[in-house]
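I have placed the structure first, in the form of structure tokens, so that the comments after it can refer back to it.
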Amino acid sequence: QVQLVESGGGSVQAGGSLRLSCAASGNGYPRYCLAWFRQAPGKEREGVAAISPGGYSTFYSDSVKGRFTISQDIAKNTLFLEMNSLEPEDTAMYYCAAMYGLCGGAWYSSLRYKTWGQGTQVTVSS
């Protein structure tokens, strides 16, 4: 099982960019579907993006498609989320998560992920 630690959050103005990282330790990293979720105060946790084992497929929520890019460095066991054209609505705690095997159509369901990082805060001001 992998363990996950996020970094890279911060405060930016609308239109700015941030890059989140998620370092994974443990065994089996390439065999996990990896995802980014976010949760704003008073809202449910939302699936933002996911990448399949080996990075062959990527998935995005409609709210971030075209602005965010998920990627990974398998050699370094690290997952990334490049966030551009940030909006105040993107303000949330961002979590990386891991699910063993393929992502599947319901990649955005937090119930499917067994392993979570501690989160990193992203704040976008208008």
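Predicted model, so just to flag it, every value in this text is computed and none were measured. Basis for what follows: all heavy atoms, side chains included, without hydrogens, waters or symmetry-related copies.
In plain terms, the two heavy atoms of Lys65 and Asp62 that are nearest each other are NZ-OD1, 3.5 Å. Here the closest heavy-atom approach between residue Gly101 and residue Pro53 is recorded as O-CG, 3.2 Å. Residue Ser126 comes nearest to Pro88 through the heavy atom pair CB-CG, 3.9 Å, listed as atom of the first residue, atom of the second, then distance. The minimum heavy-atom distance linking Tyr60 with Ile70 is given by the pair OH-N, 2.9 Å.
Atom CG in Leu81 sits 11.0 Å away from atom OG1 in Thr120 (nearest 0.5 Å).
Taking Ser61 as the reference, Ser63 meet the side-chain hydrogen bond (donor to acceptor under 3.5 Å, both in side chains) condition, with sequence neighbours excluded. With sequence neighbours excluded, no residue satisfies side-chain hydrogen bond (donor to acceptor under 3.5 Å, both in side chains) with Glu82.
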Donor-acceptor pairs under 3.5 Å, side chain of residues 103-112 to any protein atom, not counting sequence neighbours: which ones?
from, atom 1, to, atom 2, distance (Å)
Arg112, NH1, Cys103, O, 2.6
Arg112, NH1, Ala106, O, 3.2
Arg112, NH2, Cys103, O, 3.3

Would you give me the side-chain donor-acceptor pairs under 3.5 Å for residues 1-10, sequence neighbours excluded?
from, atom 1, to, atom 2, distance (Å)
Gln1, NE2, Thr115, OG1, 3.0
Gln3, OE1, Ser25, OG, 3.3
Gln3, NE2, Gln1, O, 3.3
Glu6, OE1, Gln118, N, 2.9
Glu6, OE1, Gly119, N, 2.9
Glu6, OE2, Cys96, N, 2.8
Glu6, OE2, Gly119, N, 3.2

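Taking the six-membered ring for Trp, Phe68 and Trp36 have ring centres at least 6.0 Å apart.
Tracing side-chain contacts under 4.5 Å through hydrophobic residues (I, L, V, M, F, W, Y), one reaches Ile51 starting from Tyr32; they form part of the same cluster. The cluster map of Ile, Leu, Val, Met, Phe, Trp and Tyr, joined by side-chain heavy atoms under 4.5 Å apart, puts Phe59 and Val48 in different clusters. Put simply, Phe80 and Phe37 are part of two different groups of oily side chains (I, L, V, M, F, W, Y) that touch within less than 4.5 Å, one to the next. Under the 4.5 Å side-chain heavy-atom criterion for Ile, Leu, Val, Met, Phe, Trp and Tyr, Val122 and Met93 are members of distinct hydrophobic clusters. Taking hydrophobic clusters as Ile, Leu, Val, Met, Phe, Trp and Tyr residues chained together by side-chain heavy-atom distances below 4.5 Å, Leu34 shares a cluster with Tyr100.
Pairs engaging residues 41-50 under the salt bridge (charged side-chain N to carboxylate O under 4.0 Å, His left out) rule: Arg38-Glu46 [sequence neighbours left out]. Applying the side chain to side chain donor-acceptor pair (under 3.5 Å) test to residues at least two apart or on different chains, the pairs with a partner in residues 10-23 are Ser17-Asn84.
Under the 4.5 Å side-chain criterion, counting only non-hydrogen atoms from C-beta, Arg67 is in contact with Asp90. Between Cys33 and Tyr113, the closest side-chain pair of non-hydrogen atoms falls below 4.5 Å.
The main-chain N or O of Val124 is found under 3.5 Å from a side-chain atom of Thr91 such that the two form a donor-acceptor pair.
Counted within 6.0 Å of CD1 on Ile74, heavy atoms from surrounding residues, nucleotides or ligands total more than 12; the atom is thus considered enclosed.
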